[in-house]
Amino acid sequence: MVQIANEFLTVEINPLGAELTSLKGNVSGLEYLWQADPAVWKRHAPVLFPFVGRSKNDQYTYQGKTYPMGQHGFARDRQFEVEESGDQKAVFLLKSDEVSLAIYPFEFELRVSYQVQDMHLVVNYDVKNTATTAPMYFSIGGHPGFKVPMTADTQFDDYFVDYRPQKSRVKIPLQGAFINLNERTLAPTDVATDISHDLFKDDAMIYELKGQENVFSIRSEKTPHAISMKLSAPFIGVWSPHPTEGNLVCLEPWWGIADDVAATGELSEKFGVNQLAPQATFNANYEITVK
């Protein structure tokens with residue numbers, strides 16, 4: 001594990017998947033990150049790349065060839081190089097290789113960095129298309145799971161999701177593992193949403209954010225301790241396992257999304273996909289704040 005820390009936070013990251021595995025408050029003494037119970041959900045905070053969500057038939061087509069691709073891509077199961085490891089910042093690097101090119105025909109460098117700043121953890125993604133002639137198509141996202149309840153004297157359903165700014169947002173429903181763009185609705189996110197296990201009976205709640213700055217928080221009136229995520233992503237997923245019930249809620253910033261039910265499977269036509277020119281770099285980040 002790679003550890004970074006400051007006066008307020010102590011953070012651990014596993015080079016396998018460049019996955020955040022611990023987020024502790026030094027003052028509160030609390031562990032805020034889900035600790036990967038395999039009976040419920042075996043991960044902590046996987047990096048989703050080069051796909052977010054599920055592809056139809058677990059495959060996609062590019063330039064007339066069909067490739068296999070599992071849910072959320074392959075980066076979460078690959079070993080990253082530790083490119084930088086300082087007291088308060090760590091950078092992890094994954095490069096395309098023969099294994100990746102067999103299922104994803106693009107040359108790339110993916111850097112995932114973590115930096116502590118006061119009570120904040122800033123997570124940054126840099127994706128570089130290292131090819132000299134061809135564009136690159138990709139999605140990327142985070143999937144951190146947070147412990148709910150956060151304290152021993154509170155329960156799961158004591159918490160709620162708070163949204164800033166307080167306004168309605170477009171909600172994209174899931175049909176099985178795939179989104180249904182034709183059934184988008186306006187969700188009442190101008191008020192908080194009470195958390196319960198039944199809230200997730202239809203899988204994740206997915207909101208379209210259009211890249212504008214938002215803050216999603218998990219809070220309770222019974223404790224001052226809370227988690228907030230500031231992001232400027234096109235989409236966010238809010239998820240907890242169901243019907244298996246676990247004490248976690250994920251806030252997932254996404255630059256990309258699962259296939260639509262009407263998707264053709266052609267990568268260049270995929271809704272929400274990012275196109276990156278040769279030798280260009282894409283940057284995205286989000287910020288976690290704990291109290």
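Bear in mind the structure is a predicted one, so any value in this text is a computation, not a measurement.
Looking at heavy atoms from C-beta onward, Val127 lies out of side-chain contact with Thr281 at the 4.5 angstrom threshold. Residues Tyr114 and Val122 have side chains not in contact (no heavy-atom distance under 4.5 Å, counting atoms from C-beta outward). With a 4.5 Å cut-off on side-chain heavy atoms, Tyr163 and Thr193 count as touching. Side-chain contact between Pro46 and Pro144: absent, with no pair of heavy atoms (C-beta onward) separated by less than 4.5 Å. The closest side-chain heavy-atom distance from Asp158 to Ser220 is below 4.5 Å. Here the side chains of Val290 and Leu9 are in contact, with some heavy-atom distance below 4.5 Å. Side-chain contact between Thr264 and Lys270 is absent, with no heavy atoms from C-beta onward closer than 4.5 Å. Residues Pro105 and Gln63 have side chains not in contact (no heavy-atom distance under 4.5 Å, counting atoms from C-beta outward).
Aromatic ring centroids of His72 and Trp254 lie 6.0 Å or more apart. Between Tyr32 and Phe146, the gap from one ring centroid to the other reaches at least 6.0 Å.
Side-chain contact, Gln279 with Thr132: no donor N or O sits under 3.5 Å from an acceptor N or O. Remark: the Asp153 side chain and the Thr151 side chain contain an N/O donor-acceptor pair separated by less than 3.5 Å. With no hydrogens or angles considered, no side-chain donor-acceptor pair links Ser168 and Thr189 at under 3.5 Å. Residues Thr10 and Asn26 bring a donor and an acceptor atom of their side chains to less than 3.5 Å of each other. At a cut-off of 3.5 Å, with distance as the only test, a side-chain donor of Asn283 or Asn124 sits close to an acceptor on the other residue. For the residue pair Ser96 and Glu107, no side-chain donor N or O sits within less than 3.5 Å of a side-chain acceptor on the partner.
Here the shortest heavy-atom pairing between Gly256 and Val52 reads O-CG1, 3.7 Å. A pairwise comparison of heavy atoms in Ala258 and Ala177 identifies CB-O, 3.8 Å as the closest pair. Residues Ala39 and Thr244 share a closest heavy-atom pair of O-CG2, 3.8 Å. The shortest non-hydrogen separation linking Val2 to Ser85 is CG1-OG, 3.5 Å. The shortest heavy-atom contact between Pro135 and Tyr62 is O-OH, 4.0 Å. Pairing each heavy atom of Pro15 with each of Val82, the nearest pair is CG-CG2, 3.9 Å.
Side-chain atoms of Asn57 do not come within 3.5 Å of backbone N or O of Gln59 as any donor-acceptor pair. Judged purely by atom type and a 3.5 angstrom limit, Asn180 has no side-chain atom pairing as donor or acceptor with the backbone of Pro173. Here the side chain of Ser196 pairs a donor or acceptor atom with the backbone of Leu199 at under 3.5 angstrom. Under the 3.5 Å distance criterion, the side-chain polar atoms of Asn6 are matched with a main-chain donor or acceptor of Asp118. Judged by distance alone, the side chain of His225 and the main-chain N or O of Lys291 form a donor-acceptor pair under 3.5 Å. The closest donor-acceptor contact from the side chain of Asn14 to the backbone of Met1 lies at 3.5 Å or more, if one exists at all. Listed for the Gln35 side chain is a donor-acceptor partner under 3.5 Å among the backbone atoms of Leu33. Using a distance-only test at 3.5 Å, with no hydrogens or angles considered, a donor-acceptor pair links the side chain of Tyr159 to the main chain of Met150. With hydrogens and angles disregarded, no donor-acceptor distance shorter than 3.5 Å links the side chain of Asp259 to the backbone of Phe271.
Checked against Phe138 for a ring pair (Phe, Tyr, Trp, His ring centres under 6.0 Å), the options Tyr104, Phe282, Phe106, Trp255 give a single hit: Phe282. If you run side-chain contact (heavy atoms from CB on, under 4.5 Å) between Trp34 and each of Thr21, Val148, Leu248, Val249, only Leu248 comes through.
Atom CD of Glu183 and atom CG of Asp260 lie 10.5 Å apart (nearest 0.5 Å). Rounded to the nearest 0.5 angstrom, Gln3 CD and Gln88 CD are separated by 12.0 Å. Note: Leu251 CG to Ser217 OG = 8.0 Å, rounded to the nearest 0.5 Å. In this structure, the separation between NE2 on His120 and OG1 on Thr289 is 4.5 Å, given to the nearest 0.5 Å. One finds the CD1 atom of Ile288 at 12.5 Å from the CE atom of Met119 (value rounded to the nearest 0.5 Å). How far OG of Ser232 is from CG of Asn214: 7.5 Å, rounded to the nearest 0.5 Å.
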**Request:** Would you please test Trp239 and Trp41 for side chain to side chain contact (heavy atoms under 4.5 Å, CB included) and show each step?
**Result:** CA-CA 11 Å; Trp239 176 80; Trp41 187 55; 3.9 Å; yes
**Request:** Determine, step by step, whether Ser240 and Glu245 satisfy the side chain to side chain contact (heavy atoms under 4.5 Å, CB included) criterion, reporting the C-alpha distance in whole Å, the side-chain angles of both residues, the deciding distance to 0.1 Å, and the verdict.
**Result:** CA-CA 8 Å; Ser240 185; Glu245 295 183 355; over 6 Å; no
**Request:** Under the side chain to side chain contact (heavy atoms under 4.5 Å, CB included) rule, what do Tyr125 and Arg111 come out as? Steps first, then yes or no, please.
**Result:** CA-CA 6 Å; Tyr125 302 132; Arg111 286 176 173 84; over 6 Å; no
**Item:** Criterion side chain to side chain contact (heavy atoms under 4.5 Å, CB included) on Glu19 and Phe80, from CA distance to verdict
**Value:** CA-CA 10 Å; Glu19 183 175 5; Phe80 282 65; over 6 Å; no
**Asp162 vs Arg164, salt bridge (charged side-chain N to carboxylate O under 4.0 Å, His left out): CA-CA, chis, key distance, verdict** = CA-CA 7 Å; Asp162 178 66; Arg164 302 299 161 129; 3.0 Å; yes
**Working for side-chain hydrogen bond (donor to acceptor under 3.5 Å, both in side chains), residues Thr66 and Thr61** = CA-CA 4 Å; Thr66 298; Thr61 301; 3.3 Å; yes
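Neither Val116 nor Val91 shares a network with the other; the hydrophobic side chains, linked directly or stepwise wherever heavy atoms of I, L, V, M, F, W or Y lie under 4.5 Å apart, form separate groups for each. Residues Ile4 and Val47 are members of one and the same hydrophobic cluster, defined by side-chain heavy-atom contacts under 4.5 angstrom among Ile, Leu, Val, Met, Phe, Trp and Tyr. No chain of hydrophobic side-chain contacts below 4.5 Å, direct or via other Ile, Leu, Val, Met, Phe, Trp or Tyr residues, connects Tyr207 to Phe235. Using a 4.5 Å cut-off between side-chain heavy atoms of Ile, Leu, Val, Met, Phe, Trp and Tyr, with links allowed through other members, Ile179 and Phe200 fall into different hydrophobic clusters. Linking ILVMFWY side-chain heavy atoms closer than 4.5 Å, directly or via other members, places Leu23 and Phe92 in a single hydrophobic cluster.
Atom NZ of Lys56 has more than 12 heavy atoms from other residues, nucleotides or ligands within 6.0 Å. Heavy-atom contacts from other residues, nucleotides or ligands closer than 6.0 Å to CG of Asp97 number more than 12.
Classification of Asp37 and Arg43 as a salt-bridged pair fails, no side-chain N sitting under 4.0 Å from a carboxylate O. For Glu208 and Arg184, the salt-bridge test passes: some basic side-chain N is under 4.0 Å from an acidic carboxylate O.
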